[in-house]
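Below: the structure, in structure tokens.
What's counted below: heavy atoms across the whole structure, side chains too, no hydrogens, waters or symmetry copies.
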Amino acid sequence: MATLQDWGQFFAVTLLFLFGLRLSAFFSGTETGFYRLSLPRIGIDAQSGDRRAGRLLWFAQRPSYFVATTLVGNNIANYIITITTSLATVMVFGHGAEWAEIAATLAITPVIFLFGELLPKNVYYRAPFKRMRREIPLFYGFYLLVLPFTFPLVLLTKAIERLSKQGGRIPEMLPGRGRFQQMITHGHCEGVLTQAQSRLATNVLRFATERVSESMTPAHRVLGISNRSDARTILEFARKFGTSAVILFDEQAGQSADARNWDSYVRVGELATIQSALVPSVRRKMPTIPATATKLEALAILHEHSTVFGVVVDAAGKVLGTISQRGLGEQLRLPSVGRGVASPSRAND
């Protein structure tokens, strides 16, 4: 007949078994959650002062320490489960009942797989950041506890990396185009970036490679007028074509439409408040932009000069066409400096 002491021992073994099962679930889940974390999200939260996100970022930058800790933790959990299963079998059936230990192991395996592996991985897979952020203090404490055992594993890992010529690889702080695109996608999925912000970031990447000549209005298609025109003529031209800014060219004798030297522009609103003789006072010089420049560089030049139009030139200084800051801004989904200024051209500025 079982005594009170026997029941106490059996109860203690059961609690130890449940502790091992919980430990197995914890490390199995965190392992899945760690590789599901969104690097942009934990980076933003860490920079905003979130200490838990900061610890997650520390492990993300040193994955070998995380892997070594989960490896040791899983082994400890499996050892506890194995020992407690054997002890419980001996308490119930006595010594020498090998068949009972085999039967108990077979019976307990589905329970361990379901509650110690499958369910935790599924939970952490669905909400990796929430679960990892909540339990990172516990993981960090265990990391410090088993550091004497994991440190040799980390050294061994680094030695293998050096032998395989993969050592010294640091997590990307300035990722390449492909990796950055993945980060944008993950950031949008995790709710860090809105749809507009994701589109803006994607367009910035595209702008960094596309030439400004792809979006310019060719010189012979620009709607403009001679810089020798008076205010009334310019205003009538603007009214006729429904534009709020008029591009001007430097008129020269015998000059063809293809060879016009577009160099400045005037705002209709400013021109309407002055006299005819003062047209040069409101003329704005258009900055020159090399045809080899990217759209992003062109947009930066226009912002630097605080102008809404620029003139695109080739290597010899020949005018190839004009570019609109508003047109570039619409492609990039940015508000333009000259908001409300219509583009005086026939092309897709």
Side-chain angles (χ1 to χ4, degrees), residues 174 176-177 180-181 196 199-229 234 237-238 241-252 255-271 279-349:
L174 293 174
R177 181 186 179 92
F180 189 65
Q181 184 67 48
R199 184 171 60 247
L200 173 61
T202 303
N203 288 342
V204 167
L205 291 179
R206 177 170 55 83
F207 262 47
T209 58
E210 293 182 353
R211 299 298 180 187
V212 67
S213 56
E214 299 177 10
S215 294
M216 74 176 184
T217 302
H220 67 280
R221 300 185 62 186
V222 176
L223 284 176
I225 196 170
S226 171
N227 58 8
R228 298 182 184 181
S229 305
I234 297 175
F237 181 89
F241 292 98
T243 178
S244 57
V246 178
I247 294 181
L248 307 176
F249 65 89
D250 187 10
E251 185 176 3
Q252 298 177 8
Q255 186 182 58
S256 65
D258 294 343
R260 284 176 177 173
N261 185 23
W262 304 100
D263 65 345
S264 59
Y265 70 94
V266 293
R267 296 175 183 268
V268 175
E270 295 175 345
L271 189 62
V279 171
S281 65
V282 294
R283 285 175 54 190
R284 297 173 182 267
K285 187 71 175 179
M286 291 191 295
T288 58
I289 302 172
T292 56
T294 64
K295 294 180 181 180
L296 195 59
E297 291 171 338
L299 191 60
I301 292 174
L302 294 179
H303 274 282
E304 181 181 355
H305 290 81
S306 298
T307 60
V308 294
F309 296 108
V311 58
V312 181
V313 299
D314 60 12
K318 179 184 176 182
V319 175
L320 300 179
T322 61
I323 193 70
S324 164
Q325 189 268 346
R326 181 185 180 185
L328 290 175
E330 288 177 350
Q331 293 181 43
L332 192 59
R333 297 297 187 268
L334 284 175
S336 63
V337 171
R339 191 172 183 177
V341 178
S343 175
S345 62
R346 297 190 183 98
N348 56 338
D349 279 8

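To the nearest 0.5 Å, the span separating CG on L248 from CZ on R283 amounts to 6.0 Å. If you take CD1 on I225 and CD1 on I247, they are separated by 12.5 Å, rounding to the nearest 0.5 Å. The line from NZ of K295 to CE of M216 is 12.0 Å long, rounded to the nearest 0.5 Å. Here S215 contributes atom OG and L299 contributes atom CG; the two are 11.0 Å apart, rounded to the nearest 0.5 Å. Rounded to the nearest 0.5 Å, atoms CD1 (I289) and CG (L302) are 4.5 Å apart. Atom OG1 of T307 is separated from atom CD1 of I301 by 9.5 Å, given to the nearest 0.5 angstrom.
Between G224 and F237, the shortest heavy-atom contact is O-CZ, 3.4 Å. Here the closest heavy-atom approach between residue S213 and residue A291 is recorded as OG-O, 3.9 Å. Shortest non-hydrogen contact noted between L328 and A298 is CD1-CB, 4.0 Å.
By the 4.5 Å heavy-atom criterion applied to side chains, K318 and V313 are not counted as neighbours.
Between the side chain of R284 and the backbone N or O of Y265, no donor-acceptor pair lies under 3.5 Å. In this structure, T243 contributes its side chain and V246 its backbone to no donor-acceptor pair below 3.5 Å. Counting only distance, with no hydrogens or angles, the side chain of W262 and the backbone of V319 share no donor-acceptor pair below 3.5 Å.
Scored by the side chain to side chain contact (heavy atoms under 4.5 Å, CB included) test, S226 finds R228, S229, F249, E251 as partners (sequence neighbours excluded).
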